[in-house]
Asks: 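Shown below is the structure under consideration.
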Number of protein chains: 2
Amino acid sequence: MSVTMRDVAVLARVSVKTVSNVVNNHPHVHPVTRSRVEQAIAELGYRPNLSARGLRSGRTGVIGLAVPELRQNYFAELADAVILAAERQNLSVIVGQAGRDRQHEINVLANGLRQTDGLLFSPERLGTEDVELLDVVDYPLVLLGERIFGGPADHVTMHNVSASRAAVEHLLAQGRRRIAVLGAHPDRRENQLRASDLRVRGYREALEIAGLPHDPDLERMVAPWHQEDGARAMDELIDSGVEFDALFALNDTLALGALRSLGKSGRRIPDDVALIGFDNITDGRFTLPSLSTVDPGRDEIAERAIGMLIERIEWGPRSPRPPRLHKARFHIVERESTVGGAATDRTVRNEVAESVDFSTDSAT
Amino acid sequence: MSVTMRDVAVLARVSVKTVSNVVNNHPHVHPVTRSRVEQAIAELGYRPNLSARGLRSGRTGVIGLAVPELRQNYFAELADAVILAAERQNLSVIVGQAGRDRQHEINVLANGLRQTDGLLFSPERLGTEDVELLDVVDYPLVLLGERIFGGPADHVTMHNVSASRAAVEHLLAQGRRRIAVLGAHPDRRENQLRASDLRVRGYREALEIAGLPHDPDLERMVAPWHQEDGARAMDELIDSGVEFDALFALNDTLALGALRSLGKSGRRIPDDVALIGFDNITDGRFTLPSLSTVDPGRDEIAERAIGMLIERIEWGPRSPRPPRLHKARFHIVERESTVGGAATDRTVRNEVAESVDFSTDSAT
DNA sequence: CTGAAAGCGCTAACAT
DNA sequence: ATGTTAGCGCTTTCAG
């Protein structure tokens with residue numbers, strides 16, 4: 001069958017241990033021996049069997065990434081960043097899509113994505129109310145996103161509240177006073193801490209700080225957050241006759257849908273309505289007008305998540321270290337939809353990363 | 001450490017062989033024994049070690065998917081479909097992004113994406129001129145896309161030429177006569193059979209059949225195919241003063257960029273310029289106007305690619321079966337950018353799938 | 001239908 | 001600095 005270490009050892013006239021040392025870059029290998037082994041490896045076209053290595057060492061070199069679905073651009077870009085970050089650490093990534101139904105997500109949590117060294121999990125259907133499902137997880141796990149807070153696992157997320165506040169403050173700075181928000185969750189139970197809840201909170205804070213009244217008519221509920229939902233909700237807002245001069249879409253996908261609806265209605269952007277989204281997906285750069293947005297720090301999220309996961313993997317299963325929470329640095333990206341033709345992707349840094357070593361409270 | 005088959009066997013008072021038989025759904029297991037074993041498995045929370053299974057059986061249950069980059073929406077949607085199709089066959093997918101440079105793609109081809117049962121590879125930098133690199137591939141491989149034709153591997157692709165012809169015919173049917181095309185490749189060497197070359201060929205065929213003159217000024221070269229490139233090329237076409245009443249963008253991403261540029265220039269779509277793209281990515285459904293496009297049959301591509309790969313895996317490495325070529329069914333999706341407000345995502349089927357069992361010529 | 005035992009290719013003690 | 005060897009957990013002959 002295939003070439004094994006033994007074959008290499010025979011050809012190089014050394015033991016398998018020496019071959020192993022060479023392959024794994026162990027020290028204490030005589031340069032001459034090393035090159036002889038390398039020669040033999042090249043000659044035979046030897047490549048280590050990763051199943052055997054995994055069996056023996058308990059490490060596969062593969063991690064899992066579970067996202068709701070790749071066809072949501074935000075998750076595609078997140079996966080892109082995660083795969084790149086993992087590659088830098090010599091890890092491969094099995095990608096799973098679990099968000100289509102709740103049971104699928106439960107299965108993912110129960111088993112990981114096959115047998116991997118660890119899992120990066122961005123849940124969609126599971127929420128903080130399901131946090132006890134995490135208690136039985138017996139492999140390294142890092143949570144992504146804002147569905148589950150306060151769990152026993154490491155967590156990398158965004159500054160949802162303060163970034164949203166900054167987004168709305170940006171609209172206020174343009175002189176807007178009737179600011180609508182698109183994407184509040186229809187289920188108004190408290191303490192859910194979904195992205196929608198946190199971002200709405202930031203919206204309200206900004207209004208309150210500015211001394212503006214809170215108008216429930218301007219808080220539009222939308223779920224899920226696809227383009228068609230954004231377009232529909234926008235149509236409804238327009239039809240309702242409620243006046244508004246700005247719109248904060250809770251993610252860019254909703255904003256894209258709203259853009260269509262606003263355009264159809266004849267509103268000029270930003271003249272009649274200023275629009276800002278959230279996520280900084282690539283699509284927003286070349287719409288007309290281009291879309292102002294919040295850059296939530298995707299690369300940093302990917303980098304930290306991989307870093308945390310690797311640490312957990314190395315610490316082993318019974319490490320007593322408490323769960324950690326990391327929120328990435330964010331910034332506001334000003335484009336045409338809020339500042340008109342003058343926009344040149346100007347970026348305004350607003351807040352630095354924040355990292356705490358206990359996951360109790362403060363899930364803002 | 002973890003629970004092994006041995007532990008299960010002890011608890012169920014059977015041999016490991018019997019446990020193995022149960023786990024793998026082998027026949028010839030007494031129902032009573034089976035349930036006793038299942039009981040023990042549940043009680044102990046046993047889960048088979050996939051590294052061990054992989055080592056022993058030579059199959060990992062993992063395949064690789066190498067795309068240029070996930071942040072190009074087409075590839076995100078392709079990966080989405082591939083992962084779903086793989087999941088149905090109980091396969092996991094390691095996703096790699098190799099398109100950022102040529103050496104990376106060469107490495108991927110040399111090693112697969114780690115050690116997997118097989119690879120689905122959509123190259124970007126490698127082309128038909130590199131086809132000899134495929135000769136040394138010693139694992140199951142299915143090519144995707146239109147960069148490499150005529151190689152010794154199975155290949156799943158699109159009806160590039162006839163689908164493009166259909167797209168242009170759709171424009172012609174709207175009464176357009178000055179049809180520009182965006183995305184021809186700057187490197188005009190022949191026989192490259194890139195997506196761009198094939199799609200331009202379809203464009204020319206349609207014009208020729210319609211008896212329209214071929215105007216080189218209307219064939220705009222663009223590479224790569226990102227939104228900004230589409231916008232820039234469109235700006236150039238507009239600035240050039242060349243007249244046109246329709247545009248065929250060789251993919252949807254270019255079309256999105258062109259949409260912005262056309263809008264900025266004050267052109268009304270489709271009144272002044274009708275626009276059709278290629279790929280049917282989700283983003284085109286909610287632009288204003290929504291984007292007519294060619295649906296290249298992504299789900300069918302994913303499904304067939306997985307199917308072919310599984311067959312290759314099962315046939316083993318020395319199967320003499322010749323490489324196969326499959327082109328998915330396509331159709332034209334008529335939206336507002338060609339037919340105006342009347343559009344309702346009407347879909348026109350134009351051609352059926354085509355499958356041949358030798359990969360010589362006919363790479364249309 | 002079930003059991004015993006070999007061994008997949010590798011790593012890591014331990015020995016030299 | 002290099003060699004010897006046990007054994008990771010599973011599947012798979014081969015017997016019974």
Side-chain angles (χ1 to χ4, degrees), chain A residues 1-41 44-62 90 111 114-117 139 313-314 316-317, chain B residues 1-38 40-41 44-62 90 111 114-117 139 314 316-317:
Chain A
M1 277 291 285
S2 69
V3 182
T4 76
M5 245 178 197
R6 182 176 195 78
D7 302 326
V8 176
V10 169
L11 180 59
R13 285 170 301 133
V14 295
S15 74
V16 290
K17 167 63 176 164
T18 303
V19 178
S20 174
N21 283 342
V22 170
V23 168
N24 296 293
N25 279 314
H26 276 274
H28 310 311
V29 181
H30 195 92
V32 174
T33 317
R34 175 179 294 277
S35 70
R36 195 144 40 91
V37 171
E38 278 164 350
Q39 169 99 30
I41 287 175
L44 295 174
Y46 167 76
R47 270 154 36 201
N49 179 318
L50 303 188
S51 289
R53 177 180 286 175
L55 173 58
R56 182 63 240 216
S57 68
R59 292 269 190 88
T60 62
V62 181
N90 283 308
N111 302 316
R114 291 188 85 76
Q115 215 150 61
T116 53
D117 292 344
Y139 51 81
I313 291 168
E314 287 176 352
Chain B
M1 279 291 286
S2 69
V3 181
T4 77
M5 242 175 198
R6 183 175 195 77
D7 301 326
V8 176
V10 169
L11 180 60
R13 284 170 301 136
V14 296
S15 75
V16 290
K17 167 63 176 164
T18 303
V19 179
S20 174
N21 283 342
V22 170
V23 169
N24 295 294
N25 280 316
H26 276 274
H28 309 311
V29 181
H30 195 92
V32 175
T33 317
R34 175 180 294 278
S35 70
R36 196 144 41 92
V37 171
E38 278 164 349
I41 287 175
L44 295 174
Y46 166 76
R47 271 156 33 203
N49 179 319
L50 302 188
S51 289
R53 177 179 288 174
L55 172 58
R56 184 62 241 220
S57 68
R59 294 269 190 90
T60 62
V62 181
N90 282 311
N111 302 315
R114 288 187 87 75
Q115 214 150 61
T116 53
D117 292 344
Y139 51 82
E314 288 175 351

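Below, chain A is the first sequence line, B the second, and so on; all start at residue 1.
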Asks: Rounded to whole Å, how long is the line connecting atom CG of A:Asn21 with atom C1' of D:dT4?
Replies: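 Computing the A:Asn21:CG to D:dT4:C1' distance gives 13 Å.
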
Asks: What does B:Thr18 touch in the nucleic acid at a heavy-atom separation under 4.0 angstrom: a base, only the sugar-phosphate, or nothing?
Replies: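 It contacts sugar-phosphate atoms only.
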
Asks: Taking atom C1' of C:dC10 as reference, at what distance in whole Å does atom CG of A:Leu50 sit?
Replies: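 Rounding to the nearest Å, CG of A:Leu50 and C1' of C:dC10 are 11 Å apart.
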
Asks: Under 4.0 Å between any heavy atoms, over every strand shown, what does B:Val14 touch: base, sugar-phosphate, or nothing? Just pick one.
Replies: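 B:Val14: backbone/sugar contact only, no base atoms under 4.0 Å.
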
Asks: Distance check needed: D:dT13 P versus B:Lys17 NZ, whole Å only.
Replies: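 Interatomic distance, NZ of B:Lys17 to P of D:dT13: 9 Å.
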
Asks: State, to 0.1 Å, how close A:Val23 and A:Arg53 come at their nearest heavy-atom pair, and which atoms those are.
Replies: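 In this case the closest contact between A:Val23 and A:Arg53 is CG1-NH2, 3.4 Å.
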
Asks: Take B:Arg13 and B:Ser57, find for each the nucleotide of DNA chain C with the closest heavy atom, and name the residue whose nucleotide sits nearer the 5' end.
Replies: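 The residue closer to the strand's 5' end, by nearest nucleotide, is B:Arg13.
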
Asks: What about A:Arg56, does its side chain sit under 3.5 Å from the base of D:dG7 through a donor-acceptor pair?
Replies: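 Indeed there is one.
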
Asks: In whole Å, I'd like the distance from the CE atom of A:Met5 to the P atom of C:dG7.
Replies: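 So the CE-P distance, A:Met5 to C:dG7, works out to 20 Å.
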
Asks: Closest heavy-atom contact between B:Val29 and B:Asn21?
Replies: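 Looking at all heavy atoms of both residues, the closest pair is CG2-CB, 3.7 Å.
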
Asks: Looking at A:Thr4, I'd like to know whether one of its side-chain N or O atoms comes within less than 4.0 Å of OP1 or OP2 on C:dG9.
Replies: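 A:Thr4 to C:dG9 OP1/OP2: no side-chain N or O under 4.0 Å.
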
Asks: Separation of A:Arg6 atom CZ from C:dG7 atom C1', in whole Å?
Replies: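 Taking atom C1' of C:dG7 as the reference, CZ of A:Arg6 is at 12 Å.
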
Asks: Find the distance between CG (A:Leu50) and CG (A:Leu55) and round it off to the nearest 0.5 Å.
Replies: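 CG of A:Leu55 is found 12.5 Å from CG of A:Leu50.
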
Asks: From C-beta outward on A:Tyr46, which listed nucleotide comes closest to its side chain: D:dG9, C:dC10, D:dT4?
Replies: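 Taking heavy atoms from C-beta onward, the closest nucleotide is C:dC10.
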
Asks: Ignoring backbone atoms, establish whether B:Ser20 has a side-chain N or O less than 4.0 Å from OP1 or OP2 of D:dT11.
Replies: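 Yes, such a contact exists.
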
Asks: Between atom CD in A:Gln115 and atom P in D:dG9, what is the gap in whole Å?
Replies: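 It works out to 10 Å between those atoms.
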
Asks: Please state how far atom CG in A:Asp7 lies from atom C1' in C:dG9, giving the value in whole angstrom units.
Replies: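 Answer to the nearest Å: 10 Å.
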
Asks: Would the base of C:dG9 count as contacting A:Arg53 through its side chain, where contact means a donor and an acceptor less than 3.5 Å apart?
Replies: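 Counting by modelled atom types and ignoring angles, no donor-acceptor contact under 3.5 Å is found here.
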
Asks: For A:Arg36 and D:dT2, what is the distance between atoms CZ and C1' respectively, to the nearest whole Å?
Replies: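 In whole Å, D:dT2 C1' and A:Arg36 CZ are 11 Å from each other.
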
Asks: Describe the nucleic acid contact of A:Thr33 in one word from base, sugar-phosphate, nothing, applying a heavy-atom distance below 4.0 Å.
Replies: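 A:Thr33: backbone/sugar contact only, no base atoms under 4.0 Å.
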
Asks: Look at all strands and tell whether A:Val16 reaches a base, only sugar-phosphate, or nothing, counting heavy atoms closer than 4.0 Å.
Replies: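 Contact class for A:Val16: base.
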
Asks: Taking B:Gln115 for its side chain and A:Pro48 for its backbone only, find out whether a donor-acceptor pair lies under 3.5 Å.
Replies: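 Flag set: sc B:Gln115 to bb A:Pro48 pair under 3.5 Å.
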
Asks: Within a reach of under 6.0 Å around CZ of B:Arg6, are more than 12 heavy atoms found that belong to other residues, nucleotides or ligands?
Replies: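 No, not enclosed.
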
